[in-house]
Each structure stands twice: as C-alpha cells, then as structure tokens.
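Structure, as structure tokens:
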Protein chains: 2
Amino acid sequence: MSLDPEIPPSPFRSSQERQKERILKRQAVLQAAVRMFNERGFHATSLDEVAASLGVTKPVIYHYLGNKDQVLFECVRLGLSQIREAAVAARAQEGTGLNRLKAFLRRYAEINMDDFGRCVIRTGDETLSPESRREFRALKGEIDREMREVIAEGVADGSLHAPDVRLTAFTLAGALNWPARWFNPEGRDDRREVAAAMVEILCEGLRCRV
Amino acid sequence: MSLDPEIPPSPFRSSQERQKERILKRQAVLQAAVRMFNERGFHATSLDEVAASLGVTKPVIYHYLGNKDQVLFECVRLGLSQIREAAVAARAQEGTGLNRLKAFLRRYAEINMDDFGRCVIRTGDETLSPESRREFRALKGEIDREMREVIAEGVADGSLHAPDVRLTAFTLAGALNWPARWFNPEGRDDRREVAAAMVEILCEGLRCRV
DNA sequence: CGATATCTATACCAACGAGTAAAGACTATG
DNA sequence: CATAGTCTTTACTCGTTGGTATAGATATCG
C-alpha cells in the first residue's frame, strides 16, 4: 500500500504491527460499511457487497466483526462517541450557558454531516437487534441528557430562554439531525458554515425584531 | 361490522356500494401497513404479516395494491398530500407572513406525528423503487418550495428575519420532522400542544432578551 | 340459468442474503 | 522443523419473503 521511502517495507511484522494492522482493517470494514449503509440503506446493503467494495470476501467481515448487527452497531457507536466527546468539550468551556450550548450544537451538526454521525441519525432503533438496540438507546439517552443539562445551565445563568427544556432539546436536536438526510458531502456546501448558520437560526429565532 | 339500525343490512350491494367497499378495504390495508412500517420498519415488515393483521392473506394485498413498493408509496403519498393541503390552507390565510408560516408549521408538525406523516419522514428515498423514488422526491420538493415561498413572503413583508431562506426551511423542517421519530402517540403528550410549543421555540429563538 | 367479473385462499416458486464449515496460505514460535 | 494461531477463500446451507399460478367462492348481469 504505502510507498514510504523512510521505512523499507519489511514483510516481517512485529506482533504490535500486526495488532495495528488488524485494527486498521477493522476500521476499513466499518468505513466501507457505513458509506454503503448511508447510501443504500442498511437492509439494502449486503455484506457481500461491502466485502466486495474492499476487494475481499464476506467471511473477512465475520472475522473482524461478529455479524451484520455488530457492524451497524459499531458504526453508530463510533458516531455517538464523537458526539459525546463534543459534549464533554463544550461543557468544559468558559462563558455563558448559551455560548457553551452553541459550541456544542455546532459540533453536533458537523458530526451529523459525517459518515458515522449520519449513520446514527439514519438508523432507526428497529433496525438493531434487541440487545444492540438497548445499548443504542442508552447512548442516545446520555447525549440527550447532556444536551438538556447544557440548556438548563443556560437557563440558570440567564443567558437563554427555554420554558420547556425537554422540548427545546428535541427541537434543536431535530433541526441539527436533519442534515444527515439532506446534506450532500459532494455539494458545495461547507459543513462548518452550514452548522454555524443553522445554530444561528435556532438561537436567534425567526421573528424579526427591529 | 356496523349495527346501524337505520339501514337493514342487505346482503345485496349496489355497484356503488361495492366500489365504496373496495376503497375502504384498500384504505384498511394501507392503514395496517403504515402502522407496521412505522413500528418495525419497512424491510422488517412482511406483507404476510400485514395481511395477517387484517385477518386475510397476502394475495389480497396484491389485489388492492400492485406490490410492496406501491403499498409504501401510497402511504407516503397520503402523508404528503396532507402536508400539501396544509400549505395551501396556510397560504390562503390573512395576516403577516410570519403568521401564515406559523400556521403552516403547526399543522406540518401535527401531521408528522400521525401515521402517514410519520411514514413520510421515516421512509428514506433508498427504500422506494427508482420510479417511486422520483415521484416521492418530486412531491417532497413541492412541499419544500411551498415552505420557502411562505418564508420569503414573511421576509418580504418584514415580519420575519431569514437571511438564508433555503437553510431556514431545512432547519424548520428538520426540527418539525423529528417528532416522527420520538413522539409516542400513546404517551401523555398532546399533538397540538407539542406542535405549537415547538413552533414557538423556533420562532422566538433561544437567546434570552430581557 | 349461464357467463363473466370480482374477490380470496392454498400452494407454490425463485431469489436473495445471512451465516458457517472446511480447507489452504502464511506467520510466529518452541 | 513442527505446531499452533491468524487470515482469507471457496462453497455451501437454510430461512425468509416478495411475488404468482390456480382454483374456488360469490355476486352481477344478460
């Protein structure tokens, strides 16, 4: 693969290198899978096709990931962990609750335009096996709680107005989830710009105030 | 079924009554199908199950609707036509653009909490056959255009602030689509209240203004 | 009554795709 | 070198399900 002139490519790998390669291959499977899931939908994507897109065969996928359900679950887990990190980062910031919320929301929106984030949104709970579904819901619930927390902090410090925190969180999340459906990575829209603009719309509202 | 004492139930139906019954049965199939699609997902729902839930067998469905794709397409078509009606009704109203928009959005949200509206949102384009998909997209495009039109009118008459109409429409639609995923018809939330509250959040924004 | 159209069920087919068994190639290690 | 472990392929099973052929039932109409 790589033609790095620094390191002469020895055919003998250390066990560390082997371990690394294993993880890399696993990731490659997930990447290929998530792309196809997002494009064609989970059920319309066969593992044969995923494997073929990597130039390998189906049992390879079963070697690195247990079954189709796990492939999907790993994809959404990756997406959700990105969002979780965003929440943690935002909450660690200085400033008003409103500012922390805006930072979180911008990142949240950006992730939802990326492969794994899109997969999180496009995956309905029904799609996963009962066990994965429970885990999936739990993880999403954490994100939701995190978002409500930030909102509540903003209400507490007077920087934002939200009589119904739960409904506010749903509204914001919905608006920023939707790009997972319409955003076209090949188009000319820039993720960051779109994210920032949407957050601005949500924070400022529609009503004109002159 | 009905024990209406006014009309003695004659076993002989006129051709009009037969026609009516046919339409009723067709609708019943769609109703049963949309419920299951929303609950389990399209691919996880077999037509055998849909038929069984009505106490009939699969060929009945094929008698009233051509194939599975058409069953789904009719469901989303029904949902989209409701939204279209809402748009027409809202645009016919008096008042500022903001007011017309709010009326439209409230109804839009309500429909998205009902069976067929939910189906529209939960159905990804990939799910439909190529022809149905094109039609589906065209219909959604019309709704989108309608929404942008109302927004533009509000901007024109100065009742609302929306520098980027397209992005504003996406943001609003996304927020109000999301209940199709989380709203529980069996819960204690009231459709109308939820819809009105969400629209209020969107119009007023989050930032506190004292 | 006989012919025709509508409606529904039984029984079936074909395709597709998830998952597996088995075996071969290659690597590491005692 | 031999043995064990890892990685990958070929070739298969098997359940599910969309869709259909056929035939029987019922009703309509000439």
Side-chain angles (χ1 to χ4, degrees), chain A residues 1 9-30 32-33 36-37 40-75 126-132, chain B residues 1 9-30 32-33 36-37 40-75 126-132:
Chain A
M1 288 286 181
S10 156
F12 302 97
R13 320 272 152 102
S14 74
S15 85
Q16 258 197 24
E17 284 171 328
R18 285 189 78 78
Q19 189 67 17
K20 214 173 192 174
E21 210 168 66
R22 185 187 169 84
I23 292 173
L24 242 54
K25 287 185 183 173
R26 197 183 120 109
Q27 207 107 39
V29 171
L30 292 175
M36 285 185 127
F37 290 165
R40 314 187 189 183
F42 176 74
H43 288 286
T45 304
S46 73
L47 291 187
D48 279 315
E49 292 174 305
V50 174
S53 83
L54 290 164
V56 295
T57 56
K58 191 167 48 174
V60 172
I61 296 180
Y62 283 86
H63 185 70
Y64 290 97
L65 296 143
N67 56 26
K68 199 182 179 185
D69 177 69
Q70 271 201 35
V71 174
L72 178 60
F73 181 67
E74 279 305 299
C75 289
E126 338 80 51
T127 318
L128 289 156
S129 73
E131 312 99 66
S132 302
Chain B
M1 288 284 181
S10 157
F12 303 96
R13 319 270 152 100
S14 74
S15 86
Q16 258 198 22
E17 283 171 328
R18 284 189 81 79
Q19 189 67 15
K20 213 173 192 174
E21 211 167 66
R22 185 186 169 84
I23 292 173
L24 242 53
K25 286 185 184 173
R26 198 184 121 108
Q27 206 108 38
V29 170
L30 292 175
M36 284 184 127
F37 290 164
R40 314 187 191 183
F42 176 74
H43 287 286
T45 303
S46 74
L47 291 186
D48 279 315
E49 292 174 306
V50 174
S53 83
L54 290 165
V56 295
T57 57
K58 192 167 45 174
V60 172
I61 297 180
Y62 283 87
H63 184 70
Y64 290 98
L65 296 144
N67 56 25
K68 200 183 180 185
D69 177 70
Q70 272 201 34
V71 174
L72 178 60
F73 181 67
E74 280 304 300
C75 289
E126 338 80 52
T127 317
L128 289 156
S129 72
E131 312 99 66
S132 301

Atom-to-atom span, CG of A:Leu47 to P of C:dC16 - whole angstrom: 16 Å
Between D:dT20 (P) and B:Leu65 (CG): distance, integer Å: 14 Å
Minimum-distance nucleotide (side-chain atoms of A:Thr57 versus C:dT10, D:dT9, C:dC7): D:dT9
Atom-to-atom span, CG of B:Leu54 to P of C:dT8 - whole angstrom: 11 Å
Nearest-angstrom distance from the residue atom CG of B:Asp48 to P of C:dT10: 12 Å
Donor-acceptor pair, side chain of B:Lys58 and main chain of B:Ser46, under 3.5 angstrom: no
Below 4.0 Å: OP1/OP2 of C:dT8 and any side-chain N or O of B:Tyr64: yes
Whole-Å distance separating the CD atom of A:Glu49 from the P atom of C:dC16: 11 Å
Nearest-nucleotide 5' precedence on DNA chain C, B:Lys25 against A:Tyr62: B:Lys25
Rounded distance (nearest 0.5 Å) linking atom CG of B:Leu30 with atom CZ of B:Phe37: 9.0 Å
Phosphate-side-chain proximity, A:His63 and D:dC7, N/O vs OP1/OP2 below 4.0 Å: yes
Integer-rounded Å distance: D:dT17 C1' and B:Phe37 CZ: 13 Å
Value in whole Å for how far the C1' atom of D:dT8 lies from CD of A:Glu21: 13 Å
B:Arg22 side-chain N/O to C:dC7 phosphate OP1/OP2 under 4.0 Å: yes
Side chain A:Lys58 and base C:dG17 donor-acceptor under 3.5 Å: no
Test side chain to side chain contact (heavy atoms under 4.5 Å, CB included) applied to B:Lys68 and B:Ile61, step by step: CA-CA 9 Å; B:Lys68 200 183 180 185; B:Ile61 297 180; over 6 Å; no
Nearest-0.5 Å distance, NZ of residue B:Lys25 to NE2 of residue B:His63: 8.5 Å
Atom pair distance, as rounded to whole Å: NZ in A:Lys68 and C1' in C:dG17: 8 Å
Sugar-phosphate only, base, or nothing, as touched by A:Ser46 at under 4.0 Å among non-hydrogen atoms: sugar-phosphate
Between CZ on residue B:Phe42 and OG1 on residue B:Thr127, distance to nearest 0.5 Å: 7.0 Å
